[in-house]
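Any value given below was found using the heavy atoms of this structure, including those in side chains, with hydrogens, waters and symmetry copies removed. Chain letters run A, B, ... following the sequence lines, proteins first and then strands; every chain starts at 1.
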Amino acid sequence: DSGVTQTPKHLITATGQRVTLRCSPRSGDLSVYWYQQSLDQGLQFLIQYYNGEERAKGNILERFSAQQFPDLHSELNLSSLELGDSALYFCASSPGDSEAFFGQGTRLTVV
Amino acid sequence: QKEVEQDPGPLSVPEGAIVSLNCTYSNSAFQYFMWYRQYSRKGPELLMYTYSSGNKEDGRFTAQVDKSSKYISLFIRDSQPSDSATYLCAMSAGGAGSYQLTFGKGTKLSVIP
């Protein structure tokens, strides 16, 4: 167990809908990263928050947004969902360097 | 050219064999190197973490980094059926407080009893 908790584990929703994925980092970790894993693209970095502030952005679509709350948990919001957004979404937390610990992921299926 | 290249396999070896997994990369700014193990539909599990060049050993696992060749390796000794998984290399440049990881696509390993 990495200590990173993600909910829900599975999510099935229709195209055009909006969903929120939640992540609780390991105790004491200030950095939260979001990654998307699809069969063709592999694991892709989406966005990083550090102690409540956005620190870095990767290949994140404008339809996607994230935030980190004062208690350090983070949420990834996905809107206007398309079939191609179906993927595994992982959250990782880090004490402040590259040693990142991943949660078990949320499997999103858009139908 | 992708930033990180990793042979997807699949790689099938008999139990007890030595396994060698490799990645090459093109970004010379990478200085943090990791290997993750991912079981089917689970989260990646950090196996090895190395900064800059050199070797690191942890039990049956040895990670090697050759920055001059932009080449990293993971060796698994005395492989076990429980080692069957997808192995992902990951790298980061660090800097400006962001250590986002760039991943290889993973090598699927099967260890046959």
| field | Atom NZ of B:Lys67: over 12 foreign heavy atoms under 6.0 Å | value | yes
| field | Region of A:Asp1 in contact with chain B, defined by heavy-atom distances below 4.5 Å | value | neither
| message | Less than 4.5 Å to any heavy atom of chain B: does that hold for the side chain of A:Tyr33, its backbone, both, or neither? | response | side chain
| said: I'd like to know whether B:Leu11 forms a side-chain contact (heavy atoms from CB on, under 4.5 Å) with B:Leu21, so could you lay out the CA-CA distance, the side-chain angles of the two residues, the decisive distance to 0.1 Å, and finally the verdict. | reply: CA-CA 9 Å; B:Leu11 182 61; B:Leu21 304 166; 3.8 Å; yes
| remark: Scanning both residues in full, the closest heavy-atom pair of B:Cys89 with B:Val4 reads SG-CG1, 3.6 Å
| Given a strict heavy-atom distance threshold of 4.5 Å, which part of B:Lys105 is in contact with chain A: side chain, backbone, both, or neither? | side chain
| query | What distance separates A:Ser31 OG from A:Arg26 CZ, expressed to the nearest 0.5 Å? | reply | 11.0 Å
| message | Report, in residue-number order, which members of residues 66-77 of chain A are under 4.5 Å from chain B by heavy-atom distance. | response | none
| Region of B:Leu46 that comes under 4.5 Å of a non-hydrogen atom in chain A | side chain
| field | Considering all heavy atoms, the nearest A:Gln6-A:Trp34 contact | value | NE2-CZ3, 3.8 Å
| Taking it one step at a time, do B:Leu109 and B:Thr86 satisfy side-chain contact (heavy atoms from CB on, under 4.5 Å)? | CA-CA 6 Å; B:Leu109 171 68; B:Thr86 296; over 6 Å; no
| task | Spell out the residues in residues 99-111 of chain A that have some non-hydrogen atom less than 4.5 Å away from a non-hydrogen atom of chain B, in order of number; otherwise answer 'none'. | result | A:Glu99, A:Ala100, A:Phe101, A:Phe102, A:Gly103, A:Gln104, A:Arg107
| request: Verify the neighbour count for atom CG of A:Leu39: are there more than 12 heavy atoms of other residues, nucleotides or ligands below 6.0 Å? | output: no
| request: Look at B:Tyr32, B:Phe33, B:Tyr36 and state which one has the largest set of heavy-atom pairs under 4.5 Å with chain A. | output: B:Tyr36
| field | Portion of A:Gln37 that has a non-hydrogen atom of chain B nearer than 4.5 angstrom | value | side chain
| message | With rounding to the nearest 0.5 angstrom, report the CD to CG distance, B:Gln100 to A:Leu46. | response | 11.0 Å
| message | Out of B:Met91, B:Gln38, B:Glu45, return the one with the most heavy atom pairs under 4.5 angstrom to chain A. | response | B:Gln38
| task | State the CD-OG distance between B:Gln64 and B:Ser53, to the nearest 0.5 angstrom. | result | 10.5 Å
| task | Begin with the C-alpha distance, continue with both residues' side-chain angles, and end with the deciding distance and a verdict on side-chain contact (heavy atoms from CB on, under 4.5 Å) for B:Tyr25 and B:Ile72. | result | CA-CA 8 Å; B:Tyr25 63 95; B:Ile72 71 169; 4.2 Å; yes
| said: Could you check whether B:Glu57 pairs with B:Arg77 (Lys NZ or Arg NE/NH1/NH2 to Asp/Glu carboxylate O, under 4.0 Å)? | reply: yes
| message | Working to the nearest 0.5 angstrom, can you tell me the gap between B:Thr62 OG1 and B:Met48 CE? | response | 6.0 Å
